[in-house]
Enquirer: 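Please find one structure pasted underneath; my questions will follow.
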Protein chains: 2
Amino acid sequence: MLLSKSCVYGLRASVFLALHADREYIPISEISEKLKISFHFLTKILQLLTQKGLLVSYRGPHGGVALTRPPKEVIIYDVVNAIDGDEIFTGCILSLPGCGNQTPCPMHESWTLVRNKIRTLFLTTSLADLAKGVKDNNLRLVDIEQLISAPADKV
Amino acid sequence: MLLSKSCVYGLRASVFLALHADREYIPISEISEKLKISFHFLTKILQLLTQKGLLVSYRGPHGGVALTRPPKEVIIYDVVNAIDGDEIFTGCILSLPGCGNQTPCPMHESWTLVRNKIRTLFLTTSLADLAKGVKDNNLRLVDIEQLISAPADKV
DNA sequence: TTAATTTAGGACAAAAGAGTCTTAAATATA
DNA sequence: TATATTTAAGACTCTTTTGTCCTAAATTAA
Ligand code: SF4
Ligand code: SF4
């Protein structure tokens with residue numbers, strides 16, 4: 001997988017939070033139910049995002065998590081970087097440790113070009129962009145088969 | 001990692017074989033020593049490439065492995081596809097199973113564009129291209145630190 | 001024919017990723 | 001204060017990936 005499972009779950013949950021940015025804290029249990037992600041696993045991932053400063057959390061009744069910044073200001077680069085690190089944006093294709101621009105491997109130049117496309121995509125896409133796609137075009141964040149079995153729960 | 005370890009090792013070994021395409025069968029032990037890859041692990045990977053038809057193998061003294069086709073005709077897409085499958089070329093970024101063009105997620109369009117860049121790079125790069133880079137520009141296939149400790153073994 | 005070389009194949013172990021579960025701490029409300 | 005709600009933290013299990021090791025089969029050469 002290009003992104004780890006944790007990262008994908010973290011991204012989906014972040015978009016969900018962006019879609020509900022008008023509300024107060026949102027309990028992780030609600031996110032996990034709506035997005036069909038294991039509650040405990042998602043909790044761990046969101047704890048990480050909280051530690052990295054992307055989310056704020058609040059314990060107790062009416063508690064939950066919320067985005068620290070408006071969805072427009074949160075680029076998905078930050079979400080990915082917080083969970084998976086920046087290897088996908090800066091790493092190499094042949095994975096030769098210790099190489100650099102002075103002694104690049106045969107794929108360095110062409111790979112760097114493509115890698116920058118990936119980087120740019122993640123740098124220029126915000127949670128608001130993704131949330132807008134979901135709202136405007138009636139898109140979805142959960143598996144289509146799960147949608148079919150419970151269409152009322154569409155997010 | 002974008003590509004699995006197995007895939008990276010398989011690619012490096014393939015480029016090594018391209019660099020020695022004029023020779024007969026090359027023992028896996030030689031490849032593993034020159035490229036500092038575990039012999040037994042590399043053997044497994046090259047067995048897979050042999051099963052997929054990218055290499056031919058021959059047992060016994062003077063045996064080893066060799067490319068089935070001239071390096072110019074082997075695109076690295078095929079090597080990656082043989083080892084890691086085509087997920088990197090066809091897979092999605094949010095990993096929602098069961099989605100499609102009819103019901104794309106918010107990142108589908110932009111991601112498809114970037115993904116095609118990756119695909120094109122791997123479709124248009126041959127083992128000969130990589131081997132040429134190694135020969136012409138004095139590049140390398142092994143970790144630079146390993147080079148420093150044994151510069152005579154440079155490949 | 002015997003010994004040496006080399007790939008084939010599969011069992012096994014270690015490490016990392018993914019996921020589950022339990023307990024503790026914080027908070028709100030009755 | 002007591003109880004319910006909710007995140008925090010860490011132990012634990014399961015699966016996949018990565019890597020090691022041993023034996024079998026094919027081939028060459030003495
Ligand atoms: S030279 Fe570039 S592509 Fe090649 S191994 Fe190094 S960072 Fe990766
Ligand atoms: S719509 Fe496209 S990018 Fe989105 S989950 Fe499906 S394949 Fe992936």
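Within every chain, numbering begins at 1; the chains are lettered A, B, ... in the order of the sequence lines, protein sequences first and strands thereafter.
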Enquirer: Between D/dC21 atom P and B/L42 atom CG, what is the distance in whole Å?
Expert: 16 Å

Enquirer: Would you mind reading off the distance between A/L48 atom CG and C/dA18 atom C1', rounded to a whole angstrom?
Expert: 15 Å

Enquirer: To the nearest angstrom, how far is B/H40 atom NE2 from D/dG19 atom P?
Expert: 14 Å

Enquirer: Suppose we call a contact any N or O donor and acceptor under 3.5 Å apart; does that hold for the side chain of B/R59 and the base of C/dT7?
Expert: yes

Enquirer: So for B/K44 and C/dT7, does any side-chain atom that can act as donor or acceptor lie under 3.5 Å from a complementary atom in the base?
Expert: no

Enquirer: Using heavy atoms to find the nearest nucleotide of DNA chain C for A/P61 and A/M1 separately, return the residue whose nucleotide is more 5′.
Expert: A/M1

Enquirer: Where the side chain of B/R119 meets the backbone of B/T90, is there a donor-acceptor pair that is under 3.5 Å apart?
Expert: no

Enquirer: So A/I28, base contact, sugar-phosphate only, or nothing? Heavy-atom distance under 4.0 Å.
Expert: sugar-phosphate

Enquirer: Roughly how many Å is it from CD1 in B/I45 to P in C/dA8, rounded to a whole number?
Expert: 13 Å

Enquirer: From CG of B/L55 over to C1' of C/dA8, roughly how many Å is that when rounded to an integer?
Expert: 14 Å

Enquirer: Just checking B/E73: does its CD atom have more than 12 heavy atoms from other residues, nucleotides or ligands closer to it than 6.0 angstrom?
Expert: yes

Enquirer: Can you check the A/I26 CD1 to D/dT7 P distance for me, whole Å?
Expert: 11 Å

Enquirer: In terms of the angle between their ring planes, are B/F122 and A/W111 parallel, tilted or perpendicular, with boundaries placed at 30° and 60°?
Expert: perpendicular

Enquirer: Parallel, tilted or perpendicular, judged at 30° and 60°: which one describes the rings of A/F41 and A/Y9?
Expert: perpendicular

Enquirer: Check every strand shown and say whether B/Q51 touches a base, only sugar-phosphate, or nothing at a heavy-atom separation below 4.0 Å.
Expert: sugar-phosphate

Enquirer: Is the shortest side-chain N/O distance from B/Y58 to OP1 or OP2 of C/dT5 below 4.0 Å?
Expert: no

Enquirer: Would you kindly give the CZ-to-P distance between B/F41 and C/dG9, to the nearest whole Å?
Expert: 17 Å

Enquirer: Return no unless some side-chain N or O of A/S57 is found under 4.0 Å from OP1 or OP2 of D/dA8.
Expert: yes

Enquirer: Does D/dG19 have OP1 or OP2 under 4.0 Å away from a side-chain N or O of B/Y9?
Expert: yes

Enquirer: Could you tell me whether the phosphate oxygens of C/dT29, OP1 or OP2, come under 4.0 Å of any side-chain nitrogen or oxygen in A/H62?
Expert: yes

Enquirer: Can you work out whether A/T50 or A/G60 has the more 5'-proximal nearest nucleotide on DNA chain D?
Expert: A/G60

Enquirer: So, B/R115 side chain and B/G91 main chain: donor-acceptor pair closer than 3.5 Å or not?
Expert: yes

Enquirer: Verify the contact: side-chain N or O of B/S4 to OP1 or OP2 of D/dT17, cut-off strictly under 4.0 Å; return yes or no.
Expert: no

Enquirer: Without decimals, in angstroms, what is the distance between A/Q47 CD and D/dT7 P?
Expert: 9 Å

